[in-house]
Amino acid sequence: MHRLVLQSLDDDQAVDTISIPLAGKSSIADYMVIASGRSTRQVASMAAKIAEKIKAETGRSARIEGLPTADWVLIDGGDVIVHLFRPEVRTFYNLERMWSFGDAPAVPADTATPSAASTPGNA
């Protein structure tokens, strides 16, 4: 599953893709994958393709949050949790720092603050 997600993101030209191993750190998943798209359209497209591939591979639908606005889309694929962002939203939330426990580099901070409506579940 992890390899499938990473390959899909690579095929769709995701930006700054990182993978954080969660085994032993959290019981929610084995991996958290974080990537950016250049626009809301690209983020939505990447999310839809990942969800389709997860369904084809496992036979069950991935849960998706945030797709209508596509500023931050969360895909729960079971063993892999995927966060797809527009760059400025990713910079604001900086999930890499929170979940990596110092293992991953910080995302460059050089853009504006997103609105509260950008968070998954608030769409």
Side-chain angles (χ1 to χ4, degrees):
M1 178 72 62
H2 182 240
R3 193 172 320 131
L4 177 120
V5 168
L6 294 177
Q7 185 61 54
S8 182
L9 291 171
D10 186 54
D11 291 347
D12 289 339
Q13 300 178 2
V15 178
D16 298 326
T17 302
I18 68 160
S19 179
I20 301 171
L22 296 179
K25 295 179 184 178
S26 175
S27 61
I28 63 170
D30 293 334
Y31 292 95
M32 178 177 296
V33 176
I34 303 172
S36 297
R38 292 176 180 83
S39 66
T40 56
R41 180 174 283 176
Q42 185 185 17
V43 169
S45 175
M46 290 188 304
K49 287 179 184 176
I50 289 172
E52 289 171 12
K53 290 177 181 181
I54 289 172
K55 172 95 173 169
E57 181 77 15
T58 67
R60 56 181 203 271
S61 298
R63 294 184 304 213
I64 302 176
E65 293 283 336
L67 195 56
T69 58
D71 286 332
W72 174 3
V73 178
L74 169 67
I75 304 163
D76 181 352
D79 296 337
V80 180
I81 304 294
V82 183
H83 294 273
L84 302 176
F85 291 97
R86 283 187 310 106
E88 58 272 14
V89 178
R90 181 177 179 174
T91 299
F92 179 75
Y93 288 103
N94 198 5
L95 292 184
E96 292 92 332
R97 177 166 289 176
M98 180 173 64
W99 278 98
S100 68
F101 304 100
D103 296 339
V107 176
D110 64 343
T111 54
T113 303
S115 69
S118 299
T119 59
N122 289 343

Run the side-chain contact (heavy atoms from CB on, under 4.5 Å) check on M32 and V82 step by step: do they pass?
CA-CA 6 Å; M32 178 177 296; V82 183; over 6 Å; no

Working for side-chain contact (heavy atoms from CB on, under 4.5 Å), residues D10 and D12:
CA-CA 5 Å; D10 186 54; D12 289 339; over 6 Å; no

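Summarising the geometry, atom OH belonging to Y31 is positioned 9.5 Å from atom CZ belonging to R3; distances are rounded to the nearest 0.5 Å. With values rounded to the nearest 0.5 angstrom, D11 atom CG is found 10.5 Å from I50 atom CD1. Note that the OG atom of S8 and the NZ atom of K49 stand 7.5 Å from one another [nearest 0.5 Å]. Put simply, CG on D76 and CZ on R63 are 4.0 Å apart, with the number rounded to the nearest 0.5 Å. Residue L74 holds its CG atom at 9.5 Å from CG of L95, rounded to the nearest 0.5 Å. The CD1 atom of I18 sits 11.0 Å away from atom CG of L6, with the distance rounded to the nearest 0.5 Å.
By the 30° and 60° cut-offs, the orientation of the rings of W72 relative to H83 is tilted.
Both I28 and Y93 sit in one connected hydrophobic cluster of ILVMFWY residues. Membership requires side-chain heavy atoms under 4.5 Å apart, directly or through other members.
Here the closest non-hydrogen pair linking L67 and A47 is CD1-CB, 4.0 Å. The two residues P87 and S36 have their closest heavy-atom pair at CA-OG, 4.3 Å. Residues A14 and Q42 share a closest heavy-atom pair of N-NE2, 4.3 Å. Contact between V80 and A29 at its shortest, heavy atoms only, is N-CB, 4.3 Å. Smallest separation of non-hydrogen atoms from V43 and F85: CG2-O, 3.5 Å. Closest non-hydrogen pair, M46 versus G37, comes out as CE-CA, 3.7 Å.
Using modelled atom types, one side-chain atom of T58 and one backbone atom of I54 make a donor-acceptor pair closer than 3.5 Å. Judged purely by atom type and a 3.5 angstrom limit, E96 has no side-chain atom pairing as donor or acceptor with the backbone of S19. R38 contributes a side-chain N or O that, together with a main-chain N or O of Q13, makes up a donor-acceptor pair within less than 3.5 Å.
Residues I81 and V33 are not in side-chain contact: their nearest non-hydrogen atoms beyond the backbone lie 4.5 Å or more apart. I75 places a side-chain heavy atom less than 4.5 Å from the side chain of V73. Side-chain contact between D71 and T40 is present, with at least one heavy-atom pair separated by less than 4.5 Å.
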